[in-house]
There are 2 protein chains.
Amino acid sequence: MPLPQTEIPGRLQTQLAERGIRMTGPRRAILSVIETASKHLDASQILRKARNVDASVDRSTVYRTLDLLKRQGLIDELDLMHLNGEGHYYERKLGRDHIHMACLRCGKITEFVSKTFEALKKQLERDCQFHIVVARLEVGGYCSACRH
Amino acid sequence: MPLPQTEIPGRLQTQLAERGIRMTGPRRAILSVIETASKHLDASQILRKARNVDASVDRSTVYRTLDLLKRQGLIDELDLMHLNGEGHYYERKLGRDHIHMACLRCGKITEFVSKTFEALKKQLERDCQFHIVVARLEVGGYCSACRH
DNA sequence: TTCGTAGTTGCGACTCAGTTGCAACAAGGA
DNA sequence: TCCTTGTTGCAACTGAGTCGCAACTACGAA
Ligand SMILES: [Mn+2]
Ligand SMILES: [Mn+2]
Ligand SMILES: [Zn+2]
Ligand SMILES: [Zn+2]
């Protein structure tokens, strides 16, 4: 259920370098925050943490870097059922996709990797002639501790 | 692929009445817009159309009614990959869930009903002890006309 | 039918997420 | 070292959604 978190820190920087994308101080700070995050972060949390590394980082730079990483397919954007405001959450995109379940009572986020989900994506690509770039399955409901 | 749109107009009103929820002019206007929509609408589109029925309808009433319908489980909220701004889209919730695919090039939205999706939800409920209230699978990629 | 109450409304002001134009700056190849 | 082009901070902006409030109204009780 928890993500396989066995990547070498600094990998995101490498992936951008391989694509000929410039590296800068603020960018490095933001990437390191995303890379070492232990949970899903929103833009303002990323800003706050990035400022601990490079105090000059601006809000707009965070959004511009998130856009870059989305375009490069290196991060995923999530709603997490908008349990807490209208913002979005971000996480490193690793090998296999996973499903997010958000408990509407306690707010707990559960992640789940499923073979059936992979099969479903294959079915979509085949039956709908659709080339999938990103697939987001987000579920709202009640976790085992909160179900009634 | 297209939604089964064979509901009697006025059904949403009936469903709210059954739950002892008050009916008003503005509310009726908004419900009729949602009920007769042929595509996914955002809040400002719903407002514009509702004003054709009842010119006094306010933006805040649209949001309050959308919240009501979400809480009652009568509509679903979608991102549609935020292809066009940061807003959300709404649609009537009918019997079976469906998947939304958004083409990142032409913007076309394709809907798809899948037995595998139903199986996946059952698997989640069983394996994660999670009681699902709402499940949203949104996919971004390239449709058959745009794939390269 | 009238009445009372609790739910609903429009309004306007507000918050918050995200964007943009711009001038200064700096990465990194030549 | 220089040049080009991409990146940055800043400040002002947009657009989505929220909220407090006073006026209003749906609808059940009397
Ligand atoms: Mn995750
Ligand atoms: Mn969203
Ligand atoms: Zn819970
Ligand atoms: Zn297309």
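Here is how names work: the chains are called A, B, and so on, in the same order as the sequence lines, proteins then strands, and each is numbered from 1. Given the structure is predicted, the values throughout are model-derived calculations rather than measurements.
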Can you list, in residue-number order, the parts of residues 63-81 of chain A that come under 4.0 Å of DNA chain D, counting heavy atoms only? A/R64
Going by atom types alone, do A/E111 and A/H40 pair a side-chain donor with an acceptor below 3.5 Å? yes
Do A/E138 and A/H100 have a side chain donor and acceptor closer than 3.5 Å? no
Without decimals, in angstroms, what is the distance between [X] [atom1] and [N] [atom2]?
{"X": "B/L16", "N": "D/dA26", "atom1": "CG", "atom2": "C1'", "value": "14 Å"}
{"X": "B/L41", "N": "D/dA16", "atom1": "CG", "atom2": "C1'", "value": "16 Å"}
{"X": "A/E86", "N": "D/dC19", "atom1": "CD", "atom2": "C1'", "value": "14 Å"}
{"X": "A/H82", "N": "D/dG17", "atom1": "NE2", "atom2": "C1'", "value": "11 Å"}
{"X": "A/H88", "N": "D/dG17", "atom1": "NE2", "atom2": "P", "value": "10 Å"}
{"X": "B/D42", "N": "D/dA16", "atom1": "CG", "atom2": "P", "value": "7 Å"}

Could you give me the CA-CA distance, side-chain angles and deciding distance for A/R28 and A/Q13, then say whether side-chain hydrogen bond (donor to acceptor under 3.5 Å, both in side chains) is met? CA-CA 7 Å; A/R28 242 186 304 271; A/Q13 281 96 313; over 6 Å; no
Using a heavy-atom cut-off of under 4.0 Å over every strand shown, decide if B/S44 touches base, sugar-phosphate, or nothing. nothing
Which part of the nucleic acid, if any, lies within reach of A/R59 when heavy atoms closer than 4.0 Å are counted: base, sugar-phosphate only, or nothing? base
Does A/R105 have more than 12 heavy atoms from other residues, nucleotides or ligands lying within 6.0 Å of its CZ? no
Would a single hydrophobic cluster contain both B/I21 and B/L66, if residues Ile, Leu, Val, Met, Phe, Trp and Tyr are joined by side-chain heavy-atom contacts under 4.5 Å? yes
Return the minimal non-hydrogen interatomic distance between A/D42 and A/Y89, and the atom names on each side. N-CD2, 3.8 Å
Phosphate OP1/OP2 of D/dT25 contacted by B/R22 side-chain N/O (<4.0 Å): no
For a 4.0 angstrom threshold against heavy atoms of chain A, report the outermost contacting nucleotides of DNA chain C in 5' to 3' order. C/dA17 to C/dG28
Starting at the 5' end of DNA chain D and moving along, which residue's nearest nucleotide shows up first, B/R28 or A/V57? A/V57
Short question: side chain of A/R19, backbone of A/Q72 - any donor-acceptor pair under 3.5 Å? yes
Using salt bridge (charged side-chain N to carboxylate O under 4.0 Å, His left out) as the criterion, point out the one residue from A/R136, A/R96, A/K70, A/K93 that pairs with A/D76. A/K93
Apply salt bridge (Lys or Arg N to Asp or Glu O under 4.0 Å) to the pair B/E125 and B/K122, showing each step before the final yes or no. CA-CA 5 Å; B/E125 297 220 298; B/K122 288 220 171 54; over 6 Å; no
